[in-house]
Amino acid sequence: MSSVPEYFGTLVFDDRTMKGCLSPEAYASLRKTIDEGAKLDISLANEVAQAMKEWAISKGATHYTHWFQPMTGITAEKHDSFITPGADGRVIMEFSGKELIKGEPDASSFPSGGLRATFEARGYTAWDPTSYAFIKGNSLCIPTAFCSYGGQALDKKTPLLRSMEALNKQALRVIKLFGNEDVKCVRTSVGPEQEYFLVDKKLYDQRPDLKFAGRTLFGAPAPKGQELSDHYFGVIPTRVTNYMEDLNEELWKLGIFAKTEHNEVAPAQHELAPIYSSTNLATDQNQLTMEIMQKVALKHDLVCLLHEKPFEGVNGSGKHNNWSMATDTGVNLLSPGETPYENAQFLTFLVAVIEAVDEYQDLLRITVATAGNDHRLGANEAPPAVVSMFLGDELTGVLKAIEEDAPYGGGAKKPMKLGVDVLPLFKRDSTDRNRTSPFAFTGNKFEFRMLGSQNSIACANIMLNAAVASVLQKYADILENATDFESELHKLIQKTIKEHKRIIFDGNGYDDSWLEEAAKRGLSNYRTTPDALPHLTDKKNMDMLTGLKVYMASELESREEILLDNYNKTIIIEARTMVDMATKNILPAIYDYESSLINTESVKKGLGLGAGKYESKVIDILSKDIDLISEKADELAATIDEVSKIEDIKAQSEAIRDKVLPLMDELRAPADDAEKNVPEKNWPYPSYAKLLFSVD
Ligand code: ADP
Ligand code: MG
């Protein structure tokens with residue numbers, strides 16, 4: 001095996017490869033397209049396509065595919081081969097600029113939420129040159145955006161690119177006011193930390209719930225859970241180490257900077273974090289990472305579970321979205337600088353994020369609202385459903401001083417003044433103490449911690465970029481017209497702190513008293529997906545998102561529908577799986593064991609041994625469980641039929657939450673109780689103890 005630097009990025013058409021394959025002129029103009037969004041002409045596209053094809057073929061590729069991210073939340077691809085008939089009946093390998101730039105998948109089956117009637121089903125995919133093409137299997141994958149012929153986005157990449165552009169535009173306006181004339185663009189960067197579980201494939205195959213729902217729907221707790229915290233950062237088992245090594249190699253070949261890995265809190269739970277990159281690339285790479293995590297697991301007879309809550313009673317999995325803004329000249333706008341002027345600029349961007357998160361807290365909550373994540377948010381393992389921000393003592397102190405025109409820091413006598421006073425340089429360890437905050441400042445970036453492990457990070461970053469862009473737009477409008485820039489800025493920052501400090505909370509987010517306090521502060525608390533999603537199309541949100549051209553109104557309406565529909569379908573599938581498991585396997589297994597006990601009991605009686613205490617106790621428990629399971633399974637089946645008939649999608653989601661979910665719990669309880677009382681060999685499904693502790 002060659003060394004890491006030798007194989008790193010060998011399967012990706014990255015900057016280094018482009019430079020090597022293209023003429024200097026073509027490379028320069030492609031870079032201009034990538035860096036500044038300059039238009040790409042067809043002759044350049046032809047040259048790039050030619051170079052990409054030669055490179056891909058040299059790596060063994062025979063096909064190409066436009067790779068995109070429809071609203072299903074996973075990636076899609078349609079493979080075409082390079083093969084074209086040659087003049088003499090032979091085959092030549094061709095790939096034109098036109099094929100690189102535009103594709104037309106027959107996409108009628110992707111969810112569009114009514115945006116695209118099936119008679120005009122054809123959408124098109126358009127090359128996104130800001131994300132690198134790569135090779136997977138025998139295919140050259142070209143990252144693309146996916147739109148309808150009417151130009152409406154049918155994917156997650158299009159609005160993400162629009163949001164990055166909106167932020168770029170408004171941030172540039174603000175930055176120019178601080179005299180940074182050399183800055184050409186402002187980009188957002190993201191480092192997503194990904195949690196996951198690994199279970200043995202043979203055990204997985206025996207669990208229909210894991211197969212159909214990605215999570216266990218039944219299962220009595222194992223005698224040991226995570227109470228000793230002995231798994232967290234513990235020694236990684238050999239089988240998992242082998243998996244991680246293999247995974248890293250695959251990711252590195254694709255130029256993905258997988259950097260850290262460790263065991264997480266729950267048994268069988270792990271985490272992988274890459275080094276951060278531009279939001280667009282990070283989003284594509286996170287999708288690719290999730291796919292490869294699952295693929296590599298299979299090679300090790302493991303299954304990688306990305307569900308937010310695969311097991312009851314132990315922690316579920318999330319994803320931390322580390323986000324920052326930086327200029328092309330290398331200045332991190334969320335990092336306090338060394339001069340008072342840089343500090344004023346830092347504070348401007350900081351309060352812009354504070355205002356954005358406060359003003360659009362509902363949008364951020366919506367981006368993490370899924371059936372799976374509803375099991376985490378608000379439980380004692382993930383941030384609550386209330387969005388709040390943590391800044392750390394120092395920064396909170398600075399903002400308070402500015403708000404109150406008071407002095408800051410030891411020895412200072414005069415009020416804190418922007419553009420004059422120097423801020424302390426924040427240390428990571430002084431800002432990262434609060435692990436319960438949904439949105440924490442961690443020294444030079446913000447960490448949004450509410451995402452579910454399966455979530456595409458696109459949605460959270462679209463809303464974050466857009467919300468911050470909208471606030472910066474307002475700031476730029478005010479400041480560009482200021483006669484005295486410094487005093488206007490001071491007033492603006494002071495006003496922002498006063499109006500939006502309610503979003504800042506440094507206490508324990510897992511504490512119930514916080515929910516009361518949050519309600520007093522007027523923060524929204526959307527506990528479930530059906531509560532949260534309908535606010536996507538609130539006027540305030542529509543106005544902001546359409547105003548910045550991040551979404552069209554029709555796109556927002558369709559997305560709300562797709563997301564609610566996905567919630568409904570997910571839970572209906574879970575409920576059906578439960579009825580099936582209960583009826584076909586759980587009830588018969590209990591019944592068989594109970595029958596054997598009844599037999600023994602009657603034999604004992606016949607022999608004059610009296611009724612066995614053990615038999616009668618267990619028969620009693622199991623009889624009750626059987627009746628309850630059967631009753632609840634029937635009720636659940638009837639309720640599934642009933643809610644399936646509801647046509648209004650929002651009403652349906654509420655009925656599912658209020659009727660189906662509670663019945664699922666009621667069905668699970670007696671089944672889990674029975675599992676505790678039936679011998680393991682008689683139980684039809686592998687136990688939690690096996691699932692959680694079998695990989696070593
Ligand atoms: P943890 O949150 O587990 O303590 P780290 O803070 O080291 O871990 O890193 C978390 C993630 O944040 C990594 O993916 C890292 O690359 C990313 N990150 C670090 N700096 C930035 C930044 N300026 N902008 C965005 N992401 C960043
Ligand atoms: Mg983290």
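Both counts, for ligands and for their atoms, begin at 1 and track the order of listing. FYI, the numbering just counts along the sequence from 1.
Taking the six-membered ring for Trp and the full ring otherwise, Phe257 and Tyr276 have centroids separated by 6.0 Å or more. Side-chain rings of Tyr688 and Phe693 stay apart, their centers remaining 6.0 Å or farther from each other. Ring pair Phe390/Phe439: centre-to-centre distance not below 6.0 Å. Separation of the Phe134 and Trp67 ring centroids falls under the 6.0 Å cut-off.
For ligand 1, the atoms lying closer than 4.0 Å to a non-hydrogen atom of Gly191 are 14 (O), 26 (N). Proximity to Ser189 (heavy-atom distance under 4.0 Å) selects the following atoms of ligand 1: 25 (C). Near Pro274, with a cut-off below 4.0 Å to any heavy atom, the atoms of ligand 1 are 13 (C), 14 (O), 16 (O). Atoms of ligand 1 found under 4.0 Å from any heavy atom of Ile275 (numbered from 1 in listed order, with element): 16 (O).
Counting heavy-atom neighbours within 6.0 Å of Asp512 CG, excluding the residue itself, gives a total of 12 or less. More than 12 heavy atoms of other residues, nucleotides or ligands lie within 6.0 Å of NZ in Lys176, so this atom counts as buried by the packing criterion.
Note: an N/O pair closer than 3.5 Å links Ser324 and ligand 1 by distance alone.
Between atom 12 (O) of ligand 1 and the options Thr279, Asn322, Leu272, the minimum heavy-atom separation is to Asn322. Of the candidates Trp323, Phe446, Phe257, Tyr276, Tyr276 brings a heavy atom nearest to atom 27 (C) of ligand 1.
When non-hydrogen atoms are compared, ligand 1 lies under 4.0 Å from neither the backbone nor the side chain of His320. Here Asn332 has side-chain heavy atoms under 4.0 Å from ligand 1, and that is the only part of it that gets that close. Neither the backbone nor the side chain of Lys259 has any atom closer than 4.0 Å to an atom of ligand 1 (non-hydrogen atoms only).
The aromatic rings of Trp514 and Phe505 lie parallel to each other, with less than 30° between the two planes, well short of the 60° mark.
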